Amino acid sequence: MPERSDLESRTRYEPAEVEPRIVDRWLESGLFHPEPEGTASENYSIAIPPPNVTGSLHMGHALNGAIQDVLIRHHRMRGQRTKWIFGTDHAGIATQTQVERRLIEEGTSREEIGREAFVRRAWEWREQYGSTIVNQFQRLGASADYEDERFTFDEGYVRAVTRVFVELYEKGYIYRDRYIVNWDPGSRSAISDLEVEEREVDDTLYYIDYDLEGGGKVTVATVRPETMLADTAVAVNPDDERHHDLVGRTAILPLVGRRLPVIADEFVKTDFGTGQLKITPGHDPNDFEIGQRHGLDQVTVIGEDGRMTEEAGERFAGLPVLEAREAVVAELEAEGRIAKREPYRHAVPFSHRSGERIEPLVSLQWFMRMEELAEPAIRAVLDGRVRIHPAGQRQVYLDWMGAIRPWCISRQLWWGHQLPVWYRGEETYVGETPPEGEGWERDPDVLDTWFSSALWPFATLGWPDDTPQLRAFYPTDVLSTARDILFLWVARMIMMGLEFAGDVPFEDVYVHSVIQAPDGRRMSKSLGTGIDPLDEIETHGADAVRFGLLAMSSTQDVRYSAEKIQQGEALANKLWNASRLILLGVDEAARPEPRPRTVEDRWILGRLIDARTQAVERIDAFDFSRAALGLYEFVYGELCDWYLELVKPRLYEGDPDLSATLLYLLRETLGLAHSVIPFVTEEIWSYLPGAEGLLAGWRFVEPDHSLRDPRAEQEVQRLIDAVTALRSWRATVRVPAGATVPARLEADGYDATAEQLARLARFAFAADSGEPVATVPVPGGKVQVLAGGGFDPEEAERRRGARRAELEAEIARAEGKLANERFVERAPAHVVEGERAKVERLRGELEAL
RNA sequence: GGGCGGUUAGCUCAGCUGGCUAGAGCGCCUGCCUUACAAGCAGGAGGUCGCAGGUUCGAGCCCUGCACCGCCCACCA
């Protein structure tokens with residue numbers, strides 16, 4: 001049990017000491033693991049975007065973790081049965097690449113040790129590193145259901161993946177085809193369009209002459225001369241008058257001698273190059289389609305190993321692509337066929353995974369047709385069953401879904417869900433269990449990682465079985481994620497959820513900011529711009545990092561702000577020290593209970609209700625920045641700066657009602673702040689008299705609106721404004737900080753607060769009728785400063801003059817408005833009224849001066 | 001090429017459906033070790049809201065054009 005002496009000695013909150021033991025207490029409590037009872041509509045659930053099993057926490061995880069945890073803790077404290085579905089993704093390419101790298105370091109390779117041994121190594125890798133990211137989420141304070149952790153290779157999960165594949169195959173959506181794909185030489189696998197990124201590259205554009213049969217020539221432009229070996233046609237635009245006569249003729253492919261028909265196709269641009277285009281259906285996606293339109297042959301001269309094939313001819317076979325390019329150019333040069341070369345900068349596809357340049361090639365792969373699944377997923381967003389925030393992302397989703405293309409789902413990897421497909425001669429078998437009979441061979445390919453991820457919200461809950469978990473937590477409530485996987489993952493979850501789980505997978509999609517480096521560049525390890533959230537947690541505390549990230553977050557991308565983290569750190573420390581003041585000062589027997597006795601008591605109870613109401617609204621609206629900053633404002637600007645200062649004398653005297661009120665305020669504030677800064681609030685909770693169990697498991701009660709007292713709130717606001725005015729005056733006229741200023745209060749509305757005003761501003765009010773030496777306007781009147789208080793009369797005069805000028809200018813402005821008939825006529829009454837009231841107020845102040 | 005978002009204090013950002021003298025944090029200046037916190041407290045300076053037009057009684061906010069910056073999508077070799 002915490003000791004009072006600890007509170008006395010710990011004048012500074014030390015997150016690094018506190019947070020790890022709080023994590024342990026939470027995990028031991030079982031609070032994060034709900035029993036699957038009730039219905040999904042009454043419960044609250046979120047499925048985490050599963051991090052890569054061997055990954056580690058980056059800033060995006062930290063932000064998204066903070067966001068989801070705020071939602072989860074908030075709803076848990078509002079009394080809902082709450083489940084944060086947690087687990088990890090096998091992350092096909094990423095994990096396989098890491099394991100392969102290790103093998104190469106050991107002087108071997110995946111080919112050398114074979115598939116079985118490789119998969120075993122990958123599992124070992126997972127055993128070794130799989131807990132890292134889990135511990136890191138725990139360190140962040142994420143209150144996920146770790147007792148029910150899922151992995152995309154869990155037995156049940158694999159069953160779900162297989163079931164979905166087989167059903168989609170049986171429906172005819174999944175098919176095998178020979179088609180041009182994005183071949184990633186780095187991972188030696190096909191990848192989907194979404195895993196390709198364009199990068200600007202400096203290339204050379206070569207102009208090559210091809211002879212025409214019967215005389216003449218065509219000149220084609222290309223950045224990849226080596227692919228000419230696979231040309232099967234030359235094309236011109238049908239409307240290009242320069243080349244009309246060429247259509248139907250035959251060109252001779254240099255170095256190879258193949259006869260190439262000259263065809264007409266709309267794709268060819270008349271204003272690029274020569275308007276004559278070499279057609280290479282085997283190695284260019286556009287040419288592939290042109291080839292299909294015209295029934296051209298596909299020749300493959302580049303193999304999956306990135307080297308030229310036998311078909312390239314014996315001079316080139318076996319050469320890596322770049323060497324082949326040089327060799328081809330050299331031979332063309334020797335034949336005098338390079339008409340021109342020019343430097344050329346253009347966008348080229350690269351693998352998002354391996355970073356290598358994509359090699360488009362024709363390959364036999366499994367594809368999934370998407371239109372049928374997209375249609376209901378579009379409708380779900382259009383009719384609001386799924387709401388996407390911010391709204392701009394909704395249109396992006398709809399546009400992409402409306403133009404959806406087939407998805408290449410097979411990957412030539414070993415770490416993944418192997419296709420449930422077997423072949424025997426010409427026969428193909430697809431099923432959840434292996435086929436009967438001899439001689440079947442299983443397709444070696446695995447599924448795109450995103451295929452299994454698409455099932456995450458329901459496969460984690462036990463689908464395809466009808467489980468209590470599914471009934472209690474599907475559909476989930478919110479999916480929070482980064483923009484870059486809106487198509488890759490979110491859209492596919494919606495499609496799969498509707499098709500297989502019979503409902504949308506979540507009702508709200510929150511697309512959060514991308515946190516950029518402080519200089520605006522992308523945060524990345526390779527650029528050296530990455531900031532490790534765990535380092536930040538170590539130095540500033542998880543509360544600070546959570547607060548800072550939430551305060552930074554926005555509907556657009558934001559730069560990482562060290563100041564916001566420090567603001568969070570300051571808030572945690574402030575709350576800790578405010579709690580020390582309260583806990584060390586209250587009666588030992590006191591228990592939390594609102595017992596307002598004074599105007600400031602009534603005022604702060606009203607402020608608390610407002611703070612709480614706003615927090616709920618903001619969190620419900622996914623406005624995390626304002627939720628965090630609003631909390632800061634309440635704790636600093638209202639509770640600490642004013643209320644605690646106001647009640648200190650009563651606290652030192654020992655007022656039992658105040659003790660009860662203070663403990664109540666502290667308890668409610670801890671509850672209010674907990675979802676944002678869970679650690680420091682939990683730590684303080686452990687010292688709070690009358691607090692039972694863990695704050696993480698505490699249930700909010702609805703605010704008691706009968707505690708509101710608008711008049712008291714007004715009086716205290718007036719007091720605050722007056723104190724501020726007097727402090728400002730004494731600072732500018734150089735009253736010594738410790739001095740008390742003798743004065744007479746000539747203002748209304750301070751019956752209950754005059755004493756406080758004098759104390760906080762260090763003035764002494766007397767009924768003295770002496771001649772004032774200076775006047776300070778305060779709301780409702782003025783304070784007449786009497787002789788005896790030392791101040792700088794010149795400064796006082798300067799201040800008075802400056803203020804007078806300000807007031808006159810503002811009064812003139814407002815009166816100008818009011819003199820404008822059209823304003824009085826057309827502006828809403830309350831605006832006009834407000835303007836009149838302003839003039840009156842400012843005139844009052846001017847007169848007081 | 002198409003689309004989306006941005007440009008507000010020295011820095012990072014708020015500013016909701018147009019309406020008090022445009023705000024916050026940090027930084028800066030001044031003063032205070034006031035028995036919760038000096039990583040604190042109090043006070044202060046600092047902004048022609050990217051540019052040019054327009055609508056309106058009234059524009060940081062709405063409209064048009066322009067200039068930069070960022071992101072997404074897209075099949076010019």
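Please read these numbers as outputs of a predicted model, since none were measured by experiment.
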Enquirer: Is atom CD of Glu794(A) surrounded by more than 12 heavy atoms (other residues, nucleotides or ligands) closer than 6.0 Å?
Expert: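 For Glu794(A), atom CD is not crowded (no more than 12 foreign heavy atoms under 6.0 Å).
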Enquirer: Given the rule in the side-chain hydrogen bond (donor to acceptor under 3.5 Å, both in side chains) test, do His352(A) and Glu195(A) qualify, once you have shown the distances and angles that lead to the verdict?
Expert: CA-CA 5 Å; His352(A) 194 70; Glu195(A) 292 164 300; over 6 Å; no
Enquirer: Rounded to the nearest angstrom, tell me the gap between atom CZ in Arg345(A) and atom P in A77(B).
Expert: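 In whole Å, A77(B) P and Arg345(A) CZ are 13 Å from each other.
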Enquirer: Please work out if Arg618(A) contacts a base, only the sugar-phosphate, or nothing of the nucleic acid, heavy-atom cut-off 4.0 Å.
Expert: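 No contact.
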Enquirer: Can you tell me the base-pairing partner of C51(B)? Count Watson-Crick or G-U wobble geometry only, both distances below 3.5 Å, and say none if there is no partner.
Expert: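 The answer is G65(B), by the H-bond criterion.
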Enquirer: Give a yes or no answer on whether the side chain of Arg730(A) reaches the backbone of Arg762(A) with a donor-acceptor pair at less than 3.5 Å.
Expert: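 Judged by distance alone, yes, a pair lies under 3.5 Å.
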Enquirer: Ignoring hydrogens and angles, answer whether the base of A36(B) and the side-chain atoms of Glu8(A) contain a donor-acceptor pair closer than 3.5 Å.
Expert: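 Absent.
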Enquirer: Describe the nucleic acid contact of Leu629(A) in one word from base, sugar-phosphate, nothing, applying a heavy-atom distance below 4.0 Å.
Expert: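 Touches nothing.
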Enquirer: Checking all strands, does Glu825(A) fall into the base, sugar-phosphate, or nothing category for heavy-atom contacts under 4.0 angstrom?
Expert: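 The answer is nothing, as Glu825(A) stays clear of every strand by at least 4.0 Å.
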Enquirer: When all nucleic acid strands are considered with a 4.0 Å heavy-atom cut-off, which category describes Ala570(A): base, sugar-phosphate, or nothing?
Expert: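 Here Ala570(A) touches no strand at all.
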Enquirer: Quote, to the nearest angstrom, the C1' distance that separates C62(B) from C28(B).
Expert: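 Each nucleotide's C1' atom is 37 Å from the other's.
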Enquirer: Within the pair Arg12(A) and A39(B), is there a side-chain N or O less than 4.0 Å away from OP1 or OP2?
Expert: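 So the side-chain polar atoms of Arg12(A) never come under 4.0 Å of the phosphate oxygens OP1 or OP2 of A39(B).
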Enquirer: What does A42(B) pair with, Watson-Crick or G-U, if both distances are under 3.5 Å?
Expert: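 By the stated definition (distances under 3.5 Å), U30(B) pairs with A42(B).
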Enquirer: Spell out, as yes or no, whether a donor-acceptor pair under 3.5 Å connects the side chain of Arg759(A) to the backbone of Leu646(A).
Expert: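 Here the side-chain-to-backbone pair exists.
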Enquirer: How is Arg734(A) classified with respect to the nucleic acid when contacts are heavy atoms under 4.0 Å: base, sugar-phosphate, or nothing?
Expert: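 Arg734(A): no heavy atom of the nucleic acid under 4.0 Å.
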Enquirer: Which part of the nucleic acid, if any, lies within contact of Asp557(A), taking any heavy atom under 4.0 Å across all strands shown: a base, the sugar-phosphate backbone alone, or nothing?
Expert: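 Nothing, no heavy atom under 4.0 Å.
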Enquirer: Need the pair for U35(B). Rule: Watson-Crick or G-U wobble, both distances under 3.5 Å, any strand; none if unpaired.
Expert: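 The base-pairing partner of U35(B), which may sit in any strand shown, does not exist here.
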Enquirer: Give a yes/no answer on whether the side chain of Tyr652(A) brings an N or O atom under 4.0 Å of OP1 or OP2 in A36(B).
Expert: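 Answer yes for this pair, as a side-chain N or O of Tyr652(A) is under 4.0 Å from OP1 or OP2.
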Enquirer: Reckon Asp641(A) touches a base, only the sugar-phosphate, or nothing at all at heavy-atom distances under 4.0 Å?
Expert: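 Touches sugar-phosphate only.
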Enquirer: Heavy atoms only, 4.0 Å cut-off, all strands: where does Leu584(A) land among base, sugar-phosphate and nothing?
Expert: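 Nothing, no nucleic acid heavy atom in range.
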Enquirer: Could you tell me whether Lys817(A) contacts a base, only the sugar-phosphate backbone, or nothing, with contacts defined as non-hydrogen atoms closer than 4.0 Å?
Expert: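 Result for Lys817(A) = nothing.
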Enquirer: Does Ser561(A) use its side chain to pair, donor to acceptor, with the backbone of Lys564(A) at less than 3.5 Å?
Expert: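 Yes, Ser561(A) side chain to Lys564(A) backbone: donor-acceptor pair under 3.5 Å.
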Enquirer: Over all strands shown, is Phe267(A) touching base, sugar-phosphate only, or nothing at heavy-atom distances under 4.0 angstrom?
Expert: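 Result for Phe267(A) = base.
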Enquirer: Can you measure Arg10(A) atom CZ to A39(B) atom C1' for me and round it to whole angstrom units?
Expert: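 The answer, rounded to whole Å, is 17 Å.
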Enquirer: Considering only atom C1', compute the distance from U48(B) to A39(B) and round it to an integer number of Å.
Expert: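 About 38 Å, rounded to a whole number of Å.
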Enquirer: Only pairs with both distances under 3.5 Å count, Watson-Crick or wobble alike; so what is the partner of G1(B) in this structure?
Expert: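 Paired with C73(B).
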Enquirer: Given atom CG of Leu549(A) and atom P of C13(B), what is their separation to the nearest angstrom?
Expert: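 Rounded to whole Å, this separation is 14 Å.
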Enquirer: Could you state the CD-P distance from Gln556(A) to C71(B), rounded to the nearest angstrom?
Expert: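 These atoms are roughly 13 Å apart.
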Enquirer: Which sits closer to the 5' end of RNA chain B, Leu644(A) or Lys564(A), going by the nucleotide each is nearest to?
Expert: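 Nearest-nucleotide comparison on RNA chain B picks Lys564(A).
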Enquirer: Between the side-chain atoms of Lys269(A) and the base atoms of A77(B), is any donor-acceptor pair under 3.5 Å?
Expert: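 Under the 3.5 Å cut-off, the side chain and the base do not form any donor-acceptor pair.
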Enquirer: Do Arg727(A) and A42(B) share a donor-acceptor pair, side chain to base, under 3.5 Å?
Expert: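 Side chain to base: no pair present.
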Enquirer: Using the six-membered ring wherever Trp is involved, compare the ring planes of Tyr510(A) and His512(A) and label them parallel, tilted or perpendicular (cut-offs 30° and 60°).
Expert: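 The rings of Tyr510(A) and His512(A) sit tilted, inter-plane angle from 30° to 60°.
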Enquirer: Could you tell me whether His830(A) contacts a base, only the sugar-phosphate backbone, or nothing, with contacts defined as non-hydrogen atoms closer than 4.0 Å?
Expert: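 Counting heavy atoms under 4.0 Å across all strands, no contact is made by His830(A).
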Enquirer: Using a heavy-atom cut-off of 4.0 Å across all strands, would you classify Arg224(A) as base, sugar-phosphate, or nothing?
Expert: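 Counting heavy atoms under 4.0 Å across all strands, no contact is made by Arg224(A).
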Enquirer: Looking at the side chain of Tyr636(A), which of A39(B), C37(B), C41(B) is the nearest nucleotide?
Expert: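 So the side chain of Tyr636(A) is nearest to C41(B).
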Enquirer: Please answer whether the main-chain N or O of Asn573(A) pairs with a side-chain N or O of Arg12(A) as donor and acceptor at a distance below 3.5 Å.
Expert: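 No, the answer is negative, given that no donor and acceptor are paired below the 3.5 Å cut-off.
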Enquirer: Without decimals, in angstroms, what is the distance between Ile565(A) CD1 and U12(B) C1'?
Expert: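 Taking atom C1' of U12(B) as the reference, CD1 of Ile565(A) is at 12 Å.
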Enquirer: Pick the nucleotide of RNA chain B nearest each of Glu289(A) and Tyr632(A); which residue has the one closer to the 5' end?
Expert: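 This one resolves to Tyr632(A).
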Enquirer: Using a cut-off of 4.0 Å on non-hydrogen atoms, how would the nucleic acid contact of Ser554(A) be classed: base, sugar-phosphate, or nothing?
Expert: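 Contact class for Ser554(A): sugar-phosphate only.
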